[in-house]
Undergrad: 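This is the structure, below, for whatever I ask next.
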Amino acid sequence: MPVVWMLRRVASRMLQRPACGCQAPVLPGRFLGTSPQQIPADANFHSTSFSEADQPRVLITGGLGQLGVGLASFLRKRFGKDNVILSDIRKPPEHVFLSGPFIYSDILDYKNLREIVVNNRVTWLFHYSALLSAVGEANVSLARAVNITGLHNVLDVAEEHGLRLFVPSTIGAFGPTSPRNPTPDLCIQRPRTIYGVSKVHAELMGEYYYYRYGLDFRCLRYPGIISADSQPGGGTTDYAVQIFHDAVKNGRFECNLKPSTRLPMMYIDDCLRATLEVMEAPAESLSMRTYNVNAMSFTPAELAQEILKHVPEFQITYNVDPVRQAIADSWPMNFDDSNARKDWGWKHDFDLPELVTTMLNFHGSESRVAQAN
Ligand SMILES: NC(=O)C1=CN([C@@H]2O[C@H](COP(=O)(O)OP(=O)(O)OC[C@H]3O[C@@H](n4cnc5c(N)ncnc54)[C@H](O)[C@@H]3O)[C@@H](O)[C@H]2O)C=CC1
Ligand SMILES: CC(=O)[C@H](N)C(=O)O
């Protein structure tokens, strides 16, 4: 039986490997047993048009959070609607459900994940499921399960099926003993949150699978991401999203970080573009598998100053949350992303003034529509 199993593994690997163009792997990750559970495949998934046939087949885990829906829409424009499957453990809102393939996927259920990858011939996986920094501190055991055990499942499925795998890391993968201004790619990483610890683990495991098995693992350390049409999921940088909503709606905002707390930030359009660019970069251009990416860096006071230029009556007050403040005080103030710029040509489009104009325009037009209705 072990001989049959080994042959099956070798054959399936020969068929799967070309998708990423990596070295042949050395050892299998997990036993490929049969699963009693069948997920009915959505008819949409099989209706790939001729022109879409040689595009990557993408799965996004944890896709209903702040970033996943935007990523799906961005990738669908590039690869075709039916080639990008959004997944999560939550029920999608109607507009998301109607916008393209959606499937239930719990990353803690290894067989379920494997079945989705196999049934839909997935070739690229964007692993977005996670508990963020503040939520993670409030529920350490769940954060450990989702961010660490879940990652192990994803790594094994990706390795077994020859996927190209993107896992986002974060400025939170650094800690108080890291150089903070600026923080380079390679330096001391001793984070003090379960979120940060799990992300350092993800970076190291992904790189280990790359060197050991040839897994095409790619990882960006995102700064705080600012988006207009999606809510943040419980992080330390959330204030920089909420402030725009409150400025337009109420003309005031209560900030849970001190006015002088400087953190690296990025507008979502830059974040999604960076993610696709690193996934499409030729393997030989990547001197590393985990890169810092950055756009801007500001404090709540500086952000409020910029908003005041557009909303003269805007007022900011401070009611500091000690948990979030302690986390922010241990994170980078400025992020050195020179390796990403050098290796695969990373360049951001949005600085603070463009960010503020774009965010206020979005919320302004939303509130005008609401008033008109
Ligand atoms: N939003 C940001 O500012 C930043 C995000 N990142 C990373 O980007 C990724 C996406 O971030 P967001 O969209 O902001 O996160 P989010 O917290 O908004 O969404 C995470 C999603 O994971 C899902 N999830 C939780 N448990 C799951 C499970 N067992 N199986 C499947 N899905 C599960 C949740 O339902 C949620 O929809 C995360 O890995 C995060 O660490 C990194 C740095 C900055
Ligand atoms: C920067 C992040 O990783 C996230 N937004 C958080 O604040 O936890």
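Order of listing sets the numbers, starting from 1, for every ligand and every atom in it.
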Undergrad: Rounded to the nearest 0.5 Å, how far apart are CD1 of Ile171 and CE of Met333?
TA: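 Between Ile171 CD1 and Met333 CE, I get 12.0 Å after rounding to 0.5 Å.
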Undergrad: For atom 5 (N) of ligand 2, what's the nearest protein heavy atom and its distance?
TA: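 Atom 5 (N) of ligand 2 sits closest to the protein heavy atom Thr237 OG1, 2.8 Å.
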Undergrad: Select one of side chain, backbone, both or neither to describe which atoms of Tyr239 lie under 4.0 Å from any atom of ligand 2, heavy atoms only.
TA: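 It is neither; nothing of Tyr239 touches ligand 2.
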Undergrad: Going by the atom numbers of ligand 2, which of them fall below 4.0 Å from some non-hydrogen atom of Gly235?
TA: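 So the answer, numbered in order with elements, is 6 (C), 7 (O), 8 (O).
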Undergrad: Could you walk me through whether Phe217 and Tyr209 pass side-chain contact (heavy atoms from CB on, under 4.5 Å), step by step?
TA: CA-CA 8 Å; Phe217 170 81; Tyr209 270 55; 5.9 Å; no
Undergrad: May I ask you to identify, for Tyr195, whether its side chain, its backbone, both or neither come under 4.0 Å of ligand 2 on a heavy-atom basis?
TA: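 Side chain only.
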Undergrad: Without hydrogens or angle criteria, can the side chains of Glu203 and Thr290 be said to hold a donor-acceptor pair below 3.5 Å?
TA: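 Short answer, no.
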Undergrad: Name the orientation class of the two ring planes belonging to Trp344 and Trp346 (parallel below 30°, tilted from 30 to 60°, perpendicular beyond 60°).
TA: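 If you compare the ring of Trp344 with that of Trp346, the planes turn out tilted.
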Undergrad: Determine whether the side chains of Asp343 and Ser285 contain a donor N or O and an acceptor N or O closer than 3.5 Å.
TA: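 No - no donor-acceptor pair under 3.5 Å links their side chains.
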Undergrad: Measuring from His310:NE2 to Leu360:CG, what's the distance to the nearest 0.5 Å?
TA: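 It is 6.0 Å, given to the nearest 0.5 Å.
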Undergrad: With hydrophobic residues grouped by side-chain heavy-atom distances under 4.5 Å, do Leu215 and Tyr208 end up in a single group?
TA: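 They do share one cluster, since a chain of ILVMFWY contacts under 4.5 Å joins Leu215 to Tyr208.
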Undergrad: Would you say Ser133 and ligand 2 have an N/O pair spaced under 3.5 Å apart?
TA: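 Between Ser133 and ligand 2 (N or O atoms, distance only) the closest approach is under 3.5 Å.
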Undergrad: Looking just at side-chain N and O atoms, do Asp238 and Gln242 make a donor-acceptor pair shorter than 3.5 Å?
TA: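 Result is no, nothing qualifies.
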Undergrad: Cation-pi check for Tyr210 against Arg289: NZ or CZ below 6.0 Å from the six-membered ring centre and within 45 degrees of the axis, yes or no?
TA: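 Flagged: Arg289 positioned over aromatic ring of Tyr210.
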Undergrad: Starting from atom 7 (O) of ligand 2, which protein heavy atom do you reach first, and at what distance in Å?
TA: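 That would be Thr236 N, 2.6 Å.
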Undergrad: Suppose we measure from atom 1 (C) of ligand 2 to each protein heavy atom; which comes out shortest, and what is that distance?
TA: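 The closest heavy atom on the protein side is Thr170 OG1, 3.6 Å.
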Undergrad: May I ask you to list the residues sharing a hydrophobic cluster with Val200, side-chain cutoff 4.5 Å, ordered by chain and number?
TA: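 Via sub-4.5 Å side-chain contacts, Val200 links to Leu204.
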Undergrad: Run the contact test for Tyr222 against ligand 2 with a 4.0 Å cut-off on heavy atoms, strictly below, and give the result.
TA: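 Outside the 4.0 Å threshold, so no.
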Undergrad: Could you go through ligand 1 and note, for every N or O atom, any protein N or O atom closer than 3.5 angstrom, writing the atom names and distance to 0.1 Å, or 'none'?
TA:
residue  : atom   : partner : partner atom : Å
ligand 1 : 1 (N)  : Gln66   : OE1          : 2.9
ligand 1 : 3 (O)  : Ile225  : N            : 2.9
ligand 1 : 13 (O) : Gln66   : N            : 3.0
ligand 1 : 13 (O) : Leu67   : N            : 2.9
ligand 1 : 18 (O) : Gln66   : N            : 2.8
ligand 1 : 29 (N) : Asp106  : OD1          : 2.9
ligand 1 : 30 (N) : Ile107  : N            : 3.0
ligand 1 : 32 (N) : Ser129  : OG           : 3.1
ligand 1 : 35 (O) : Asp88   : OD1          : 2.7
ligand 1 : 35 (O) : Arg90   : NE           : 3.1
ligand 1 : 37 (O) : Gly65   : N            : 3.3
ligand 1 : 37 (O) : Asp88   : OD2          : 2.7
ligand 1 : 37 (O) : Arg90   : NE           : 3.4
ligand 1 : 37 (O) : Arg90   : NH2          : 2.8
ligand 1 : 39 (O) : Tyr128  : O            : 3.3
ligand 1 : 39 (O) : Lys199  : NZ           : 2.9
ligand 1 : 41 (O) : Tyr195  : OH           : 2.7
ligand 1 : 41 (O) : Lys199  : NZ           : 3.1

